Amino acid sequence: MGTPDRLHENQQGVELSAVEWLLDHFRAKETDRRRMVDELDVGPSDQVLDAGCGPGMWTRLFAEKVASGGGKVTGLDFASDILDYARASFDGDPLGSAVEFVRGDLHEVPFPPETFDLTFLGNCLCYIRDAYDVLEKHKKVTRSGGRMVSKEFDGSAMIFHPVSPVLTLKVVTAAAQALEENAASAWFDNFIGRRTYGMFRDLGLNDVWTRSYAIQKVAPLTEEAKRYIIGNATWYGRTAAPYLSEDERQEWAESFDPESERYVLDRDDFYFCMIETMTVGTV
Ligand SMILES: C[S@@+](CC[C@H](N)C(=O)[O-])C[C@H]1O[C@@H](n2cnc3c(N)ncnc32)[C@H](O)[C@@H]1O
């Protein structure tokens, strides 16, 4: 099975994620994400669209819900090597017959109107400058009475204890500042989670609800949780760097460097927390 290691870029040049990091990310949060999918009460015959499916980890959770009842999950993504990985991950798997992967753009959504009972977008609206356009297109392919779901995150609440809260808040604020200042050339909405409720209401969806989940990872961490947290912290440090002092940059980097005495992830008191938000509306 191929595991491409290159980073993907969206049209604005924002770095998307390498497949390995997406897998670590998902696996580190799999229990939480299973709970989210359980809360959606997916029907066994449902037709589900997993838009921006990446390596197909959400696709699998949905397939587990529909495979026995004749339903189907369609994964849509524009990154062909990530789709190759997703397809290969179902080779020889009985769930494979309930799954299909299609290459395409979230702005085009290459399916007939009213195809899906449930349209799911997981961690991809954050990369989309015109999220309303993407949501409108997904609304069209969702059947009347069907549901749209957005699962995003909100980067305001980030805890990497025992890294100093003052440093953490500085890094989060500096990253927010850098993203805002670079928005014209490189779009990434690190605070999309708080916006999806209003967006779904603006779209005219019915029965809109939203729920936020505090995703915690505590010591002792699995190796995939460590890689996910290091990847996340590295992104924050790199994004925030122009607005941090040299000392702040160094303290942050060393806190997540296994070779450093400052390394926090092996400490008994390590506690990580961030917010994921799931918003649901009926078409
Ligand atoms: C952060 S990944 C999330 C993957 C998966 N949903 C998950 O949560 O594990 C974002 C995915 O959205 C895809 N993506 C971003 N913009 C897209 C677009 N305009 N059209 C299609 N796919 C897009 C990327 O290729 C990537 O696989």
Side-chain angles (χ1 to χ4, degrees), residues 2-37 40 48-63 73-90 99-111 118-138 141 148-155 179 186-190 192-193 196 213 215 224-225 227-228 231-232 234-235 239 274-279:
T3 51
D5 59 4
R6 77 172 174 80
L7 298 173
H8 296 278
E9 307 229 329
N10 74 2
Q11 286 144 338
Q12 287 82 37
V14 175
E15 178 186 290
L16 301 186
S17 307
V19 72
E20 288 82 359
W21 192 78
L22 288 175
L23 295 173
D24 285 335
H25 186 175
F26 195 95
R27 288 176 183 142
K29 297 178 177 172
E30 183 157 354
T31 310
D32 310 283
R33 289 175 170 188
R34 273 189 187 281
R35 181 155 63 98
M36 295 176 201
V37 171
L40 290 173
V48 178
L49 175 63
D50 180 7
C53 63
M57 305 294 277
W58 291 98
T59 318
R60 177 171 292 281
L61 296 191
F62 287 118
V73 190
T74 303
L76 173 71
D77 206 289
F78 65 7
S80 52
D81 48 0
I82 283 191
L83 283 180
D84 288 345
Y85 177 94
R87 285 192 189 99
S89 74
F90 284 93
V99 163
E100 179 188 25
F101 290 99
V102 173
R103 184 162 188 231
D105 198 301
L106 297 177
H107 290 279
E108 284 156 18
V109 202
F111 306 104
L118 187 117
T119 302
F120 176 86
L121 297 113
N123 284 18
C124 42
L125 285 180
C126 51
Y127 297 105
I128 307 279
R129 187 182 296 274
D130 189 356
Y132 279 101
D133 177 60
V134 161
L135 288 172
E136 287 286 1
K137 303 270 171 53
H138 285 76
V141 300
M148 291 179 63
V149 182
S150 157
K151 203 297 297 167
E152 289 291 337
F153 51 84
D154 196 280
L179 290 170
W187 180 261
F188 183 75
D189 187 348
N190 200 36
I192 181 85
T196 50
Y213 303 77
I215 310 286
E224 60 217 13
R227 290 192 298 266
Y228 157 64
N232 196 344
T234 303
W235 178 85
T239 307
M274 55 87 67
I275 300 282
E276 298 214 336
T277 299
M278 187 165 78
T279 301

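For ligands, and for the atoms within them, numbers begin at 1 and follow the listed sequence. Because the structure is predicted, anything quoted here is derived from the model rather than measured. One-based numbering along the sequence shown.
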Can you sort out which atoms of ligand 1 are near [X], meaning under 4.0 Å from one of its heavy atoms?
X: Y127; answer: 1 (C), 10 (C)
X: G54; answer: 4 (C), 27 (O)
X: C124; answer: 12 (O)
X: L22; answer: 1 (C), 2 (S)
X: A79; answer: 25 (O)
X: G122; answer: 3 (C), 5 (C), 6 (N), 8 (O)

- [ ] Check the pair Y127, W187 against ring-ring contact (aromatic ring centres under 6.0 Å, His included), reporting the backbone distance first and the verdict last.
- [x] CA-CA 6 Å; Y127 297 105; W187 180 261; over 10 Å; no
- [ ] Between C53 and ligand 1, find which residue part has any heavy-atom pair under 4.0 Å and reply side chain, backbone, both or neither.
- [x] backbone
Open item on the list: I need the contact type for F78 against ligand 1. Using non-hydrogen atoms and a strict under-4.0 Å cut-off, is it side chain, backbone, both or neither?
Closed with: both
Open item on the list: Using a 6.0 Å distance limit plus a 45 degree cone around the ring axis, check whether R35 lies over the aromatic ring of Y213.
Closed with: no
Task: Option among L121, V73, V109, L118 that satisfies the side-chain contact (heavy atoms from CB on, under 4.5 Å) test with L49 - done: V109
Open item on the list: Regarding ligand 1, does W58 bring an N or O atom to under 3.5 Å of one of the ligand's N or O atoms?
Closed with: yes
TODO: Please say whether R33 places an N or O atom under 3.5 Å from an N or O atom belonging to ligand 1.
DONE: no
- [ ] For E100, enumerate each residue passing the side-chain hydrogen bond (donor to acceptor under 3.5 Å, both in side chains) test, keeping only those at least two apart in sequence or located in another chain.
- [x] K72
TODO: Kindly write out the residues that satisfy side-chain hydrogen bond (donor to acceptor under 3.5 Å, both in side chains) with D77, not counting sequence neighbours, or none if the list is empty.
DONE: none
- [ ] Step by step, work out the salt bridge (charged side-chain N to carboxylate O under 4.0 Å, His left out) result for D32 and K29.
- [x] CA-CA 5 Å; D32 310 283; K29 297 178 177 172; over 6 Å; no
Task: Minimum non-hydrogen distance to atom 19 (N) of ligand 1, winning option of N123, D105, L125 - done: D105
Open item on the list: Contact between ligand 1 and G104 is defined here as a heavy atom of the residue under 4.0 Å from a ligand atom; is it met?
Closed with: yes
Task: Non-hydrogen atoms of A28 and A225 that approach each other most closely - done: CB-CA, 3.9 Å
- [ ] Verify, without hydrogens or angle tests, whether R227 (side chain) and D24 (backbone) share a donor-acceptor contact under 3.5 angstrom.
- [x] no
